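Each ligand, and each atom within it, is numbered from 1 in the order the structure gives. Worth saying up front: this structure is predicted, and the values here are computed from it rather than measured. All values below come from the heavy atoms of this structure, side chains included, with hydrogens, waters and symmetry mates left out.
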Amino acid sequence: MRIDVFTLFPAWFEWFTTQRHVRNALKLGHSLDFVDLRATTPLKAGQVDDTPYGGGAGMVIRVDVVEAALEARYGGSASGPGPGLGPEPGLGPEPGSGSAPEPGSAPQGRRRIVALSAGGREFDDALAGELAAEKQLALLCGRYEGFDERVHEHLATDVVSIGRYVLSGGELAAMVVCDAVIRKLPGALGHESSVVEESFSPALAGAPEYPHYTRPFDWRGHKVPEILLSGDHARVREWRIARSRERAARTAPEAGVGEADRPGRSA
Ligand code: SAH
């Protein structure tokens, strides 16, 4: 898989690429590159942003700047169907990958271009799996007030948020997406079974994972559940699934209750 991250701060990713699963993925032939949005700006003096129409605080990253960066990287016209964004043989999701774009996202066969934005579709395990099945993924990191809306509408295939809070830039969000996607690439983790049965995976019917314990058996009087020492794999399995379901029930939003009314939240 080829991942390109478009950012004004490529240096943010230097540490990230030293991490073992990322290095493993690179050794397996995947690529992860960082493209400086400022390097290809068509504006003078490295300008990439401008004041917002309609007034207000902050600067907005210009659509023509993002377009120029995508075109420099992929060629063609980034805003119309062409080599930039359009169908390219072999660039779609792997056949049979089960990737089913959400309404409004890329039709099958297009390069996946994800703009990071607080207000986008919330990133989850299913989307990580969908992106991991792509051959090419571009991540667009915003800064300041974010991107001109036309980046979301005409250059990106997806607008993705990593949660309902605001970061100062898309770099951490892109790292979150890269991390979750890369650990799904076969061979990246080094021990495959650990990705199959994890929180939110189909193997656990989308529920959080069950608890894990290791030595010491007795820590300050808090003992490991006896069942885990029983050697009875079927009963251990049953116990684990039950704990996973309990966690799902505890963390699921309650039906019919608004977010603000949930216990532990102040309105
Ligand atoms: N004015 C925007 C916030 C801009 S923050 C708003 O109110 O929504 C600057 C950039 O940080 C964004 O363009 C986006 O790329 C990134 N960002 C901030 N919070 C994010 C989140 N929760 N998920 C993904 N990206 C985020």
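- Proximity of a side-chain donor or acceptor of T157 to a complementary backbone N or O of R112 within less than 3.5 Å is not detected.
- Taking the ring axis of Y210 as reference, the NZ or CZ atom of R247 does not stay both within 45° of it and closer than 6.0 Å to the ring centre.
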Legend entry - Verdict with reasoning, C178 to L32, per side chain to side chain contact (heavy atoms under 4.5 Å, CB included): CA-CA 9 Å; C178 282; L32 175 60; 4.0 Å; yes

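- Not a single heavy atom of G119 sits less than 4.0 Å from an atom of ligand 1.
- Within the structure, the closest approach of F123 to ligand 1 does not fall below 4.0 Å when heavy atoms are considered.
- Looking at ligand 1, you won't find any N or O of S168 less than 3.5 Å from one of its N or O atoms.
- Between E153 and R150, no side-chain nitrogen of the basic residue sits less than 4.0 Å from a carboxylate oxygen of the acidic one, so the salt-bridge criterion is not met.
- Stacking of R143 on the aromatic ring of W12 is recorded, both the 6.0 Å distance cut-off and the 45° axial limit being met.
- When non-hydrogen atoms are compared, ligand 1 lies under 4.0 Å from neither the backbone nor the side chain of A115.
- Among all protein heavy atoms, the one lying closest to atom 17 (N) of ligand 1 is G169 O, 4.0 Å.
- For atom 6 (C) of ligand 1, the nearest protein heavy atom is 4.0 Å or more away.
- At a 4.0 Å heavy-atom cut-off, ligand 1 does not touch L140 at all.
- Under 4.0 angstrom from ligand 1, the non-hydrogen atoms of A173 all belong to its side chain.
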